[in-house]
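Let me begin by presenting the structure, written as structure tokens, before commenting on it.
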Amino acid sequence: IEKEAVEFSIGGTDAGSLTIDKDTGAVSLKSQANFEAKSSYSFTVTATDATADGSAATPSAAKAVTISIVDVNEAPANTIANASKTTAEDTAVTIDGLSVGDVDAGDTSLTVVLAATNGKLTVKGDVTDGLTSSDINGGGTGTVTLTGTIAAINKTLAGTDAVQFTPNLNYNGPAAISITSTDNGGLKDVDAEAVKVTVTAVDDAPEITSSDKGNADENDSNLVIYTATASDIEKEAVEFSIGGTDAGSLTIDKDTGAVS
């Protein structure tokens, strides 16, 4: 009332988490608010003025204040513990070490999309306490969608051989798996190429493409009675050999496949 300068101070239960500007009275948090950790702050504010004659000032009564923290939707977060895998051509490999989290999702559903390049994914629907088959869509394709609680999704992702990647037939080279988690509020965490897979080459056996039957005329001067043909996916040179019951009566040209 005397229009003297006023200084502010803070006290109370949560004063240790706060600061106050003694001149302006502005109260600030020492660290960012987190509703999930603490939903409100209680403190007291006291004002003290300076006296004209230098005598001890009389502080005001402490004003009790409670500040409520408003909950804001937070995005889910993916964890990738094993970011690289290696497998041989045409051979499945287990994708492990994946998990998802969301501090404010509780028991609500999340959607997790696993997407692969140069291969297909399968996810088990029978992991204990995990997702059921009806919660898993797209198994056996390049994109699999999981829908359920965080607990159920993580149980499935952690299941033994629960998530498997199989390279496309006869493919070798780089492949990758991405993971995208989306909460009910539409917030998401996207990890493109979360797991990189190296698919090593394997020599594929050639395939005989000629018929399993033929005819040869008696007393024919042309001794070639059959010509074997084959295909090789790697386009490598093919050599032919002969075996079986009557192999002792025949010869085969290893390069042309001509049987005489």
Side-chain angles (χ1 to χ4, degrees), residues 1-83 96-115 129-131 135 145-158 177-195:
I1 194 168
E2 293 91 352
K3 308 299 183 183
E4 295 166 337
V6 173
E7 288 191 359
F8 298 95
S9 60
I10 196 169
T13 306
D14 296 317
S17 302
L18 308 164
T19 60
I20 190 168
D21 186 300
K22 68 182 180 61
D23 299 316
T24 66
V27 177
S28 304
L29 285 165
K30 290 182 178 179
S31 59
Q32 192 175 48
N34 181 355
F35 178 86
E36 286 69 36
K38 189 170 180 61
S39 61
S40 67
Y41 290 84
S42 297
F43 56 93
T44 60
V45 175
T46 302
T48 305
D49 63 2
T51 61
D53 60 4
S55 60
T58 302
S60 69
K63 178 79 170 183
V65 180
T66 299
I67 301 296
S68 297
I69 305 301
V70 178
D71 191 16
V72 176
N73 185 28
E74 297 177 71
N78 304 320
T79 298
I80 300 95
N82 295 323
D96 53 8
L98 299 178
S99 62
V100 298
D102 192 327
V103 295
D104 57 2
D107 291 330
T108 61
S109 289
L110 249 63
T111 299
V112 175
V113 177
L114 303 175
D129 296 327
L131 301 174
D135 301 321
T145 302
L146 315 177
T147 305
T149 64
I150 291 176
I153 289 172
N154 284 336
K155 282 286 187 181
T156 293
L157 293 176
I177 297 159
S178 67
I179 177 171
T180 301
S181 299
T182 307
D183 67 13
N184 283 341
L187 296 182
K188 61 181 62 180
D189 185 18
V190 180
D191 286 288
E193 297 190 345
V195 180

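Given the structure is predicted, the values throughout are model-derived calculations rather than measurements.
- Annotation: side chain of Val100 is not in contact with side chain of Asp189 (no heavy-atom distance under 4.5 Å).
- Note that CD of Glu193 and CD1 of Ile80 are 12.0 Å apart. Values are rounded to the nearest 0.5 Å.
- Not counting sequence neighbours, the partners of Thr46 by the side chain to side chain contact (heavy atoms under 4.5 Å, CB included) test are Ser9, Thr48, Pro59, Ser60, Ala62.
- Annotation: side chain to side chain contact (heavy atoms under 4.5 Å, CB included) contacts of Thr24 (sequence neighbours excluded): Asp21, Ala26.
- Using a 4.5 Å heavy-atom cutoff, the side chains of Leu157 and Leu146 are in contact.
- For the side chain to side chain donor-acceptor pair (under 3.5 Å) test, no residue two or more places apart in sequence or in another chain qualifies with Asn154.
- Leu98 places none of its side-chain heavy atoms less than 4.5 Å from the side chain of Val112.
- Partners of Ala15 according to the side chain to side chain contact (heavy atoms under 4.5 Å, CB included) rule, which considers only residues two or more places apart in sequence or in another chain, are Ile10.
- Contact between Thr66 and Ser42 at its shortest, heavy atoms only, is OG1-OG, 3.5 Å.
- Counting heavy atoms from C-beta on, the side chains of Leu18 and Leu29 come closer than 4.5 Å.
- Residues that satisfy the salt bridge (Lys or Arg N to Asp or Glu O under 4.0 Å) test with Asp96, not counting sequence neighbours, are Lys85.
- Residues Ser178 and Ala192 share a closest heavy-atom pair of CB-CA, 3.8 Å.
- The side chain to side chain contact (heavy atoms under 4.5 Å, CB included) test applied to Ser17 returns Tyr41, not counting sequence neighbours.
- The two atoms that bring Val6 and Ala47 nearest to each other are CG1-CB, 3.5 Å, heavy atoms only.
- Taking all atoms of both residues into account, the shortest heavy-atom contact from Asp23 to Phe8 is O-CE1, 3.8 Å.
- Listed by chain and residue number, Asp14 satisfy the salt bridge (Lys or Arg N to Asp or Glu O under 4.0 Å) test with Lys38 (two or more places apart in sequence, or in another chain).
- Side-chain contact between Asp183 and Thr108: absent, with no pair of heavy atoms (C-beta onward) separated by less than 4.5 Å.
- In this structure Lys22 satisfies the salt bridge (Lys or Arg N to Asp or Glu O under 4.0 Å) test together with Glu7, sequence neighbours excluded.
- Considering every non-hydrogen atom in both Ala75 and Lys188, the closest pair reads CB-O, 4.1 Å.
- For the pair Phe43 and Val27, the minimum side-chain heavy-atom distance is below 4.5 Å.
- Interatomic distance, Leu110 CG to Thr182 OG1, rounded to the nearest 0.5 Å: 7.5 Å.
- Rounding to the nearest 0.5 Å places OG1 of Thr111 at 10.5 Å from CG of Asp135.
- Contacts of Ser181 classified as side chain to side chain donor-acceptor pair (under 3.5 Å), with partners at least two apart in sequence or in another chain: Asn78.
- Between the side chain of Lys30 and the main chain of Gly16, a donor-acceptor pair closer than 3.5 Å is present.
- For the atom pair Ile67 CD1 and Ser40 OG, the distance stands at 9.5 Å (nearest 0.5 Å).
- When all heavy atoms of Val103 and Glu74 are compared, the closest pair comes out as CG2-OE2, 3.5 Å.
- Here the CD1-OG distance, from Ile150 to Ser99, works out to 10.0 Å after rounding to the nearest 0.5 Å.
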